[in-house]
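We're numbering straight along the sequence, starting at 1.
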Amino acid sequence: MRESIHFIPLLLLLCMSSSQASAYDGPLYDSSAYTECKLDVEEPLYNGGMLKDQEPATEHVILGRDHVNALVFSLQNLTQGTKYCFSIWIRILHADSSLIKASLVTEERTLNCIGTVTAKAGCWSFLKGGFVSTSPLKMPKLYLQNSDGKNVGIETASASLQPFTEDEWRLNQETKINKARKRAVTIHVSDKQGAKLQSVEVRIEQISKDFPFGSAIAKTIIGNSRYQVCGICQKTTVTLHYLWLCAKFHGRDSNVADFEKRAQMEMQTEPNRGQVNYTIPDQMLEFIRSNQIIVRGHNIFWEDPNFIPRWVRNLTGHYLESAVQSRIQGLMKKYKQEFIHWDVNNEMLHFEFYEDRLGPNASLQFFRTAHQEDPLATLFMNEFNVVETCSDINSTVDMYVSRMRELQRGGVSIDGIGLQGHFDVPNTPLMRGIIDKLATLGLPIWLTEVDISKQFSKETQAMHLEEVLREGFSHPAVDGIILWTALRKNGCYQMCLTDDEFNNLPAGDTVDRLLKEWQTGVVDGETDEYGSYSFFGFIGEYKVTAKLGNVTVTSTFSLSRGKETKHFNIQL
């Protein structure tokens, strides 16, 4: 059942001032999404919003060199800074399936893509996306057209376009954070006989978080004391680069790191055939273990031939089969149970080196072998341009879903959705709509390689990074975030959190501020007339101290996701 669009949850009211609560009457975001083709359409989200009762017109347009018919919605009153969520059901005629793209066109410019769907004949498919109006738009039109330039009949139903102001969007994010990342807790304090005690001093301290949040690391971490320590642990807040080192001292998020793929190029375990050398990854893992870090495995194979050792590129047939089997079995046996995740065959929606040479079932075999060798690791598909844009026809959300289902039908264990997240200007309504659709699969979703393009200034990078991180953290289907901020000899891939002297850059300041915002920290209070003290905290591990006179008792409890209030008893 969908939420009422004018219902303000209690959890939202708890984090708002009374004036905010009484003044806000905006819509709540509707996360409904569908990835199955259905015989019947659902009702339009938000009752259609700006498109209520509006039917699209047909217009002849030029797409590249092709002349095609497009369905067009004429729009009015698009406000600068407003976020617009678009959804529609589509069915096609005269073709088995077709990629339908939604785009926004104005007199001044075209927003290339605001949503896509792989539509089929005989059933209805759901497109969900959106856009941000970054400037006043004159005569805007919303186009729906076949992406390959061919004319296909397009039928539509339940179209919806819902605006959200910046404040409304932020309040919706806070609502979702309060529901998915926090929980109410009541501490009960009594004596040994069970009598409740009033006016007991209570201190609650969060000692760890239950949301993995970390950074890629490069081999430059090895033996680099400034990179490893650099005095950062003495700060009250830390940048994400050092989060996995300092977290245990500051009660930060779950410690997690990722061996950066470009670092892997520098530390190839078999640069020449038969010369296997695990020295560098072994040293990195020693550092990780010594600092109680969890680590993702990225990656076993990479379909992009530019990142495949030259000697492997020259192999064919049985020789290539032997090489890949040796690689996966040797790697998985050596590092069994070391990694929480494995990106098994990286970027296989965009490249197909192994499948071209070993057949279309090569990836199936990779996943099967990986699961057999390390059944406790979660195996991920990992791709770029899934949430960053919908303009890349190789990695639309439906292409991702289709490939994952294909692998699952082949009987393999593929249990994680990896979204890289290399952003230019983030389109957060599109990002949220795509994650909504992926969430229907019921699998863990991680943002695995988040950064912002270096084409922007450091300040602009930080601004866009905050947009992406807030969107990821607030979505209840996202289970973890990794930044792609490994510090290499020649700098970071696109975005650094610190300079070469380990001083925060604007992006580092942004991360520090968000990490502080997303932790409960230390809460002080005293029990009431019922011998209880209540608070609202982020999920994770807690230490609670109760003091009455000269008697002090300390205990710990775990706060997991849940809708009910967590009750914890402590005796003095």
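Around the CG atom of Asp96, the shell of radius 6.0 Å holds no more than 12 heavy atoms that belong to other residues, nucleotides or ligands. For Lys38, the NZ atom counts as densely surrounded, since its 6.0 Å shell holds more than 12 non-hydrogen atoms of other residues, nucleotides or ligands. More than 12 non-hydrogen atoms from other residues, nucleotides or ligands lie less than 6.0 angstrom from CD of Gln455.
Separating the CD1 atom in Ile434 from the NE2 atom in His475 is a distance of 11.0 Å, to the nearest 0.5 Å. In this structure, the separation between OG on Ser560 and CD on Glu541 is 9.0 Å, given to the nearest 0.5 Å. A distance of 5.5 Å separates CG in Leu320 from CZ in Phe353, rounded to the nearest 0.5 Å.
Glu383 places a side-chain N or O within 3.5 Å of a backbone atom of Met348 that can act as its donor or acceptor partner.
Taking the side chain as every heavy atom from C-beta outward, Val412 and Phe366 never approach each other to under 4.5 Å. A heavy-atom distance below 4.5 Å is not found between the side chains of Asn299 and Asn382.
A centroid separation of 6.0 Å or more is found between the aromatic rings of Tyr34 and Trp124. When ring centroids are compared, Phe423 and His464 stay outside the 6.0 Å threshold. Aromatic pair Phe211/Phe538: ring centres not closer than 6.0 Å. Between Tyr335 and Tyr278, the gap from one ring centroid to the other is short of 6.0 Å.
Taking the six-membered ring for Trp and thresholds of 30 and 60 degrees, Trp446 and Phe380 have ring planes more than 60 degrees apart, a perpendicular arrangement. In this structure, Phe164 and Trp169 have perpendicular ring planes: the angle between them is above 60°, well past the 30° mark.
Nearest heavy atoms, Leu430 versus Ile114: CD1-O, 3.6 Å.
Remark: the His422 side chain and the Glu449 side chain contain an N/O donor-acceptor pair separated by less than 3.5 Å. Judged purely by distance below 3.5 Å, without hydrogens or angles, the side chains of Asp392 and His350 pair a donor atom with an acceptor atom. Asp398 and Thr396 share no side-chain donor-acceptor pair at under 3.5 Å.
By the 4.0 Å N-to-carboxylate-O rule, Glu406 lies too far from Arg409 to be salt-bridged with it.
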_I'd like to know whether Glu347 forms a side chain to side chain donor-acceptor pair (under 3.5 Å) with Gln420, so could you lay out the CA-CA distance, the side-chain angles of the two residues, the decisive distance to 0.1 Å, and finally the verdict._
CA-CA 10 Å; Glu347 298 173 358; Gln420 291 187 12; 3.0 Å; yes

*Should Gln173 and Glu471 be marked as a side-chain contact (heavy atoms from CB on, under 4.5 Å) after you check the CA-CA gap, both sets of side-chain angles, and the distance that decides it?*
CA-CA 7 Å; Gln173 288 177 329; Glu471 199 58 52; 3.1 Å; yes

